[in-house]
Amino acid sequence: GADTSKAPMLSSPLGSPASVPISLDMNGTNGSISFDQFLAGLNYLSSLLKNNEESSMSNLLIQNLNQLLRKVPTVLHELSSLSNDGRSSRLKALIKLWIVVKTHGEDLISSNESTSLKCLQEWRSACERIYKYITIAFSGKDFGNGISWVVTDSICNLHLTSSTCFERAVRLPAAMKAVKEVAAREGSRLLVRNAISKNYMRMVEEKVIRRAHSKTYLQRMKKRCRSVTTQEEIVSLTADSDLNGGEDTMGTRGSWDAAIAAVAAAVQSVDMTVNGECVNAFCVTRPPGHHAGRELHPMKAVSNGFCLLNSAACAALYATAPVSEGGAGLRRVCVIDIDVHHGNGTQDILCSTYDPRFLYISLHAGGADVNGIDPAGEEPDQFAHHLARNPKKGIFPGRCGDTSPHKGVLNI
């Protein structure tokens, strides 16, 4: 019943401005939910909102919160009659509004010199509480809070490598065997999605991977895969005309489609998680990606380390892209990479210079005297690969992970 004719406009980088009806209902009347319940312990933000009622910034923050919270009970009344697809559609619309409100509030607070960093942090905390409240309220059987999804696709089996390669096709069914064993114990809390949406596959190839990798890199990789004449033929995908680029990264004609599927699984999982369908998702896909950079030899690595397209970096770039550009509209993403090797490709794509959108944390073996293998038990060529052809560089991909170049990177 609010008058929207004089509604302020939310100017947001997420897309078109959203009209926010004026409502200073702080007591939860007219069926709305009071935002007071989300301010417990957030003293700086509470003071800003309640003691500065004449402030245009405070009023706009209150209006935005009330606009969001007023939508919740209206939609909740419909939930009992909705399928999970219906819940997903309603919740996705609410989450988009939540992103606009949260983002606009951050901009307002950050632009006001009289407000503190603590106030900004508490605004984010309040918004996170609202997000949890909304997603829990929408939860149901096989949907929402407490649900984990495993995302995979048989297309990934099209990527074949030699039987002696560390990264080979047996890894995917082995992982899925473990998943099924856990799912048998966890019941409906762990669900498996065995096919990736074709819409995500198409979007990834047409848009997402272009944010992470250079045009020349993508053209080269796709052309190399498509040049293979049979599905069974296995070739080096990254060696150049001088046979540089590493022979470890092998593949087949189907490797390109498998790599696209791996990225699409990660991007679809971003949407599933952000939009409240689940609390997390695990992608059982191959080929891997964290050594793939914008170009070959990211951070002076000698090869691509079995990687074609960087799923984690693509997912992070998609998550932080504005809604108006087809992204999820988030402001910040943290990528945590746990591997014996440093994720040089991910750092190259996301954090070659400081970008406040990303925090990259890598936990890996490293250092001049650490090589992670037993020389006596390794073939000479494999030993050379792990040492990046120079013992002084440590294990593959070299010593690029020994230091943290700026505050957006934490290499451990």
Side-chain angles (χ1 to χ4, degrees), residues 2 7-14 18 20-76 91 93-139 144-146 273-276 279-280 319-320 323 328-334 336 356-359 407:
M9 301 298 288
L10 280 182
S11 179
S12 169
L14 300 175
V20 180
I22 296 175
S23 169
L24 300 181
D25 177 18
M26 298 175 61
N27 298 314
T29 58
N30 299 324
S32 64
I33 302 167
S34 171
F35 63 73
D36 287 327
Q37 62 186 290
F38 302 105
L39 300 181
L42 305 180
N43 299 327
Y44 288 88
L45 181 60
S46 297
S47 177
L48 174 69
L49 296 179
K50 296 181 179 180
N51 298 334
N52 296 282
E53 296 181 359
E54 299 303 320
S55 165
S56 58
M57 180 185 71
S58 299
N59 282 339
L60 188 52
L61 290 173
I62 292 170
Q63 292 164 19
N64 295 349
L65 286 172
N66 277 324
Q67 163 68 1
L68 173 63
L69 294 175
R70 184 181 290 108
K71 292 280 188 179
V72 178
T74 302
V75 178
L76 287 178
L91 181 55
L94 267 180
I95 296 301
K96 282 188 175 181
L97 178 58
W98 173 83
I99 289 174
V100 172
V101 169
K102 179 176 182 289
T103 302
H104 190 247
E106 288 184 1
D107 291 340
L108 284 173
I109 295 171
S110 299
S111 63
N112 192 313
E113 296 181 357
S114 65
T115 57
S116 64
L117 176 60
K118 187 67 176 178
C119 190
L120 176 61
Q121 293 171 339
E122 290 189 356
W123 169 260
R124 291 170 178 166
S125 295
C127 289
E128 291 298 324
R129 292 175 181 179
I130 293 172
Y131 174 85
K132 291 179 180 178
Y133 173 83
I134 293 172
T135 53
I136 290 174
F138 272 73
S139 296
N145 188 51
T273 306
V274 172
N275 292 330
V279 293
N280 50 42
T320 54
V323 172
L330 302 183
R331 279 292 179 88
R332 291 167 299 280
V333 167
C334 177
I336 301 176
R357 295 177 299 170
F358 304 117
L359 173 61
K407 63 181 180 180

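Atom set for the values below is all heavy atoms of this structure, side chains included, hydrogens, waters and symmetry mates excluded. Position 1 is the first residue of the sequence, and the numbers go up from there.
T273 places none of its side-chain heavy atoms less than 4.5 Å from the side chain of V279.
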Exercise. List the steps and the verdict of side-chain contact (heavy atoms from CB on, under 4.5 Å) for K118 and N43.
Key: CA-CA 10 Å; K118 187 67 176 178; N43 299 327; over 6 Å; no
Practice problem: Could you please spell out the steps behind the side-chain contact (heavy atoms from CB on, under 4.5 Å) verdict for R332 and L359? | Solution: CA-CA 8 Å; R332 291 167 299 280; L359 173 61; over 6 Å; no
Practice problem: Step by step, work out the side-chain contact (heavy atoms from CB on, under 4.5 Å) result for V101 and Q67. | Solution: CA-CA 9 Å; V101 169; Q67 163 68 1; 5.7 Å; no
Practice problem: Quick one: do D107 and R331 satisfy salt bridge (charged side-chain N to carboxylate O under 4.0 Å, His left out)? Show the steps, please. | Solution: CA-CA 11 Å; D107 291 340; R331 279 292 179 88; 2.9 Å; yes
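When atom types are taken as modelled, the side chain of T135 and the backbone of K132 share a donor-acceptor pair closer than 3.5 angstrom. Checked by atom type and distance alone, the side chain of S139 never pairs as donor or acceptor with a backbone atom of G144 at under 3.5 Å.
Between F38 and Y133, the ring planes lie perpendicular to each other; the angle is over 60°, past the 30° to 60° tilted range.
Residues I95 and V274 come closest through the heavy atom pair CG2-O, 3.6 Å. A319 and V333 get closest at one heavy-atom pair: CB-CG2, 3.8 Å. S125 approaches L42 most closely through the heavy-atom pair CB-CD2, 4.1 Å. Listed here is the closest heavy atom pair of G41 and E122: O-OE2, 4.2 Å. In terms of heavy-atom proximity, A126 sits nearest to L39 at CB-CD2, 4.3 Å. The shortest heavy-atom contact between L68 and I134 is CD1-CD1, 4.3 Å.
Going from atom OG of S111 over to atom CE of M57 covers 7.5 Å, rounded to the nearest 0.5 Å.
Paired with W123 under the rule side-chain contact (heavy atoms from CB on, under 4.5 Å), one option of L108, L48, L65, T115 passes, and it is L65.
A salt bridge is absent between R124 and E128: the closest approach of a Lys/Arg side-chain nitrogen to an acidic carboxylate oxygen does not fall below 4.0 angstrom.
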